[in-house]
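Just so you know, these numbers use all the heavy atoms, side chains as well, and skip hydrogens, waters and symmetry mates.
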Amino acid sequence: MKPLDILIMAAGKGTRMHSHLPKVLQRLAGRPLLQHVLDQAAQLQARSAIVITGHGATEVEATSAGWIRATGQFDLKFARQEPQLGTGHAVQQALPQLRTDGTVVVLSGDVPLTQPDTLRALIAASQAASATLASVSGGALALLTVTLPDPTGYGRIVRNAQGAVQGIVEHKDASTAQRAITEVYSGILAVPARLLAPWLARLTNHNAQGEYYLTDIVAMAVQDGVPVLAHRIDDALQVAGVNSPVQLAELERAHQLRQAHALMEQGVRLADPARFDVRDDTRSGVRGELVCAQDVEIDVGCVFTGRVELGDGVHIGAHCCIANATIGAGAVIHPYTHIDGEQAGVTVGAGALIGPFARLRPGAHLGREVHIGNFVEIKNSTLADGAKANHLAYVGDAALGERVNYGAGSITANYDGANKHRTVIEAEAHIGSNCVLVAPVTIGAGATVGAGSTITKTVPAGALGVARGKQMLLANWARPTKQPKP
């Protein structure tokens, strides 16, 4: 197989997006459209990729270069198209950086969902394993085409009486008869690099838009005796582009529905596959991936970000947001719970009960049968097996031992304004309601902290710690009365 060099068209302004953000940086499943296309190049094991930029070039190039630095996938280059005079003109700008020994694959930066297997079939057609084709030209021009019920706006594939491809006619230049053709060019092609340069040199702008069309090379290939092959697919989603917020939303839902169906085929029970999302974590760059064991049930409106693992029999309630977390077998995540592992990760032990309206932040690691109730926040803390914090509480930078009972309204005061400090609560300790544990502090095994206490010193094992103001009583006290308004 010859080396692959990928050209990615990413110069368009995307006027209909009505956004300051360049079109190819709009996000689908949490990832820029262009990054989806760069991922395709990586999966094809491309030697290099040249991103052709124009509108927002600096931002597009910086984002692309950052992704390559993070992954180290291939040699990434850029070419500027200024002004933008058509697709053929765009490829001309990249020509000086192309090697002549490989196959060039042209992709669009706003077409994110083309499958690698589809592109591999296209490349195989171009590289022309057939001895007959190889003897003619050493390769073929291969076009990715699709049949659309409404082909408006697309270039039509024109064939002769024998069915051989003769050219592509852009919609604005097509005759009435040609506009009736439903097989269209997707904007994706593969071609031997050594054939591309002379064709690009022959392009003209004698057309309705006054632009240099890359599609004109098809007629040149036919004239030069180079085979032109159309690799036709039925899946229009793979070649769908994004030009407006409406199209972006439609593509998002189609993509998420495919992910949902793939999970359901593995046995996951989704209450409504149309209300389900798996997204990349844009902060850490972690690819969106939901890994489910058997008998997992997921209610409506849930969003999974980064890598999330759900063990056997996990139940996820409605409208939960879960990012970068591992949830053990039999755990129940009640509705409206927010779990965000970011880079530190979150783990939830088997049989745990979390929520509703709970928040687990990075570094929260919960053991088996832990209970975290409504409006409880856990951050950078470990809770051993059987520990409970059932209501309205904050646990930060702490270690709770087995079967600790952490009362409603209690908090760890872990930050002194400059540094974070740890709180240690040993096994079977009981923390009463409305307590403040001022870190660094240790509550010994089996100790009790009385409700309403502010604890600043160690409470030994088995002891009772109480620190509250003395109650006062004033008999016959008169409540202040409201003064009449003047």
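Taken from CD1 in Ile339 to CG in Leu360, the straight-line distance is 4.5 Å, to the nearest 0.5 Å. Taking CD1 of Ile188 as the start and CG of Leu119 as the end, the distance is 6.0 Å to the nearest 0.5 Å. Within the model, atoms CZ of Arg275 and CD of Gln256 stand 14.5 Å from one another, a figure rounded to the nearest 0.5 Å. Expressed to the nearest 0.5 Å, how far OG1 of Thr412 lies from CG of Asn380 amounts to 10.0 Å. Between His89 atom NE2 and Ile52 atom CD1 the span is 10.5 Å, to the nearest 0.5 Å. Residue Gln45 holds its CD atom at 7.5 Å from CZ of Arg120, rounded to the nearest 0.5 Å.
For the pair Leu85/Glu211, no side-chain contact is recorded, criterion being any heavy-atom separation below 4.5 Å from C-beta on. The shortest distance between side-chain heavy atoms of Ile157 and Tyr185 falls below 4.5 Å. Contact of the Leu143 side chain with the Arg232 side chain is not registered, since no non-hydrogen atoms from C-beta on lie closer than 4.5 Å. For the pair Thr326 and Val346, the minimum side-chain heavy-atom distance is 4.5 Å or more. No side-chain heavy atom of Leu25 sits less than 4.5 Å from a side-chain heavy atom of Leu33. At least one side-chain heavy atom of Val218 sits less than 4.5 Å from a side-chain heavy atom of Val165. Looking at heavy atoms from C-beta onward, Arg31 lies in side-chain contact with Arg287 at the 4.5 angstrom threshold. Side-chain contact between Val111 and Val37 is absent, with no heavy-atom pair separated by less than 4.5 Å.
Side-chain polar atoms of Thr53 and Gln81 form no donor-acceptor pair below 3.5 angstrom. Donor-acceptor pairing under 3.5 Å is recorded for the side chains of Tyr213 and Asp173. Inspection of the Asp216 and Trp199 side chains reveals no N or O donor paired with an N or O acceptor under 3.5 Å.
With Asp224 contributing its side chain and Val226 its backbone, the two residues share no donor-acceptor pair below 3.5 Å. In this structure a side-chain-to-backbone donor-acceptor pair under 3.5 Å is present from Ser64 to Val60. Put simply, the side chain of Thr337 gets close to the backbone of His334: a donor and an acceptor are under 3.5 Å apart. In this structure, the side chain of His36 engages the main chain of Leu28 through a donor-acceptor pair within 3.5 Å. Checked by atom type and distance alone, the side chain of Ser381 pairs as donor or acceptor with a backbone atom of Asp397 at under 3.5 Å. Distance alone, capped at 3.5 Å, places no donor-acceptor pair between the Glu252 side chain and the Ala249 backbone. In terms of modelled atom types and a separation under 3.5 Å, the side chain of Glu377 and the main chain of Val395 share no donor-acceptor contact. Distance alone, capped at 3.5 Å, places no donor-acceptor pair between the Thr182 side chain and the Leu148 backbone.
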I'd like to know whether Leu98 forms a side-chain contact (heavy atoms from CB on, under 4.5 Å) with Ile50, so could you lay out the CA-CA distance, the side-chain angles of the two residues, the decisive distance to 0.1 Å, and finally the verdict. CA-CA 8 Å; Leu98 275 177; Ile50 303 173; 4.0 Å; yes
Run Val242 and Leu251 through side-chain contact (heavy atoms from CB on, under 4.5 Å) and show every step you take. CA-CA 8 Å; Val242 173; Leu251 213 55; 3.6 Å; yes
Output, in order, the C-alpha distance, side-chain angles, deciding distance and verdict of side-chain contact (heavy atoms from CB on, under 4.5 Å) for Thr145 and Val184. CA-CA 6 Å; Thr145 71; Val184 301; over 6 Å; no
Kindly indicate, with the supporting measurements, whether the criterion side-chain contact (heavy atoms from CB on, under 4.5 Å) is fulfilled by Asn390 and Val376. CA-CA 7 Å; Asn390 279 324; Val376 175; over 6 Å; no
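Taking a cutoff of 4.0 Å between a charged side-chain nitrogen and a carboxylate oxygen, Arg258 and Asp235 qualify as a salt bridge. Using a 4.0 Å cut-off between charged nitrogen and carboxylate oxygen, Asp280 and Arg27 do not count as a salt-bridge pair. The pair Lys77-Asp75 meets the salt-bridge criterion, with a side-chain N (NZ, NE, NH1 or NH2) lying under 4.0 Å from an Asp/Glu carboxylate O. No salt bridge links Arg359 with Asp340; every basic N to acidic carboxylate O contact stays at or beyond 4.0 Å. Salt-bridge check for Glu183 with Arg156: failed, with every basic side-chain N at 4.0 Å or more from each acidic carboxylate O. Between Asp110 and Lys23 there is a salt bridge, since a side-chain N of the basic residue sits under 4.0 Å from a carboxylate O of the acidic one.
Heavy-atom minimum distance, Ile378 versus Leu383: CG2-CD1, 3.9 Å. In plain terms, the two heavy atoms of Ala79 and Gln97 that are nearest each other are CB-NE2, 3.9 Å. Heavy-atom minimum distance, Leu38 versus Leu76: CD2-CD1, 4.2 Å. Here the closest non-hydrogen pair linking Ala174 and Arg179 is O-NE, 3.5 Å. Smallest separation of non-hydrogen atoms from Ile354 and Val370: CD1-O, 4.5 Å. The two atoms that bring Glu369 and His371 nearest to each other are O-CD2, 3.4 Å, heavy atoms only.
Here Gln223 pairs with Arg202 under the side-chain contact (heavy atoms from CB on, under 4.5 Å) rule; sequence neighbours left out. Partners of Thr347 according to the side-chain hydrogen bond (donor to acceptor under 3.5 Å, both in side chains) rule, which considers only residues two or more places apart in sequence or in another chain, are His365. For Asp312, there are no side-chain hydrogen bond (donor to acceptor under 3.5 Å, both in side chains) partners two or more places apart in sequence or in a different chain. In terms of the side-chain hydrogen bond (donor to acceptor under 3.5 Å, both in side chains) criterion, Arg99 has no residue partners (sequence neighbours excluded).
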Under 3.5 Å, side-chain donor or acceptor atoms of residues 100-109 against the rest of the protein: list the pairs with distances, not counting sequence neighbours.
unit_1	atom_1	unit_2	atom_2	d
Asp101	OD1	Arg47	NH1	3.2
Asp101	OD1	Arg47	NH2	3.0
Asp101	OD2	Arg47	NH1	3.2
Thr103	OG1	Gln127	NE2	3.0

Tabulate below the donor-acceptor pairs under 3.5 Å that side-chain atoms of residues 296-310 make, not counting sequence neighbours, or state none.
unit_1	atom_1	unit_2	atom_2	d
Arg307	NE	Glu309	OE2	3.1
Arg307	NH1	Glu289	OE1	2.7
Arg307	NH1	Glu289	OE2	3.3
Arg307	NH2	Glu309	OE2	3.1

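For Arg368, the CZ atom is loosely surrounded, since the number of other residues' heavy atoms within 6.0 Å does not exceed 12. For Gln294, the CD atom sits in a loose shell: 12 or fewer heavy atoms of surrounding residues, nucleotides or ligands are nearer than 6.0 Å. By the neighbour-count criterion of 12 heavy atoms within 6.0 Å, atom CG of Asp234 is sparsely surrounded, having that number or fewer from other residues, nucleotides or ligands.
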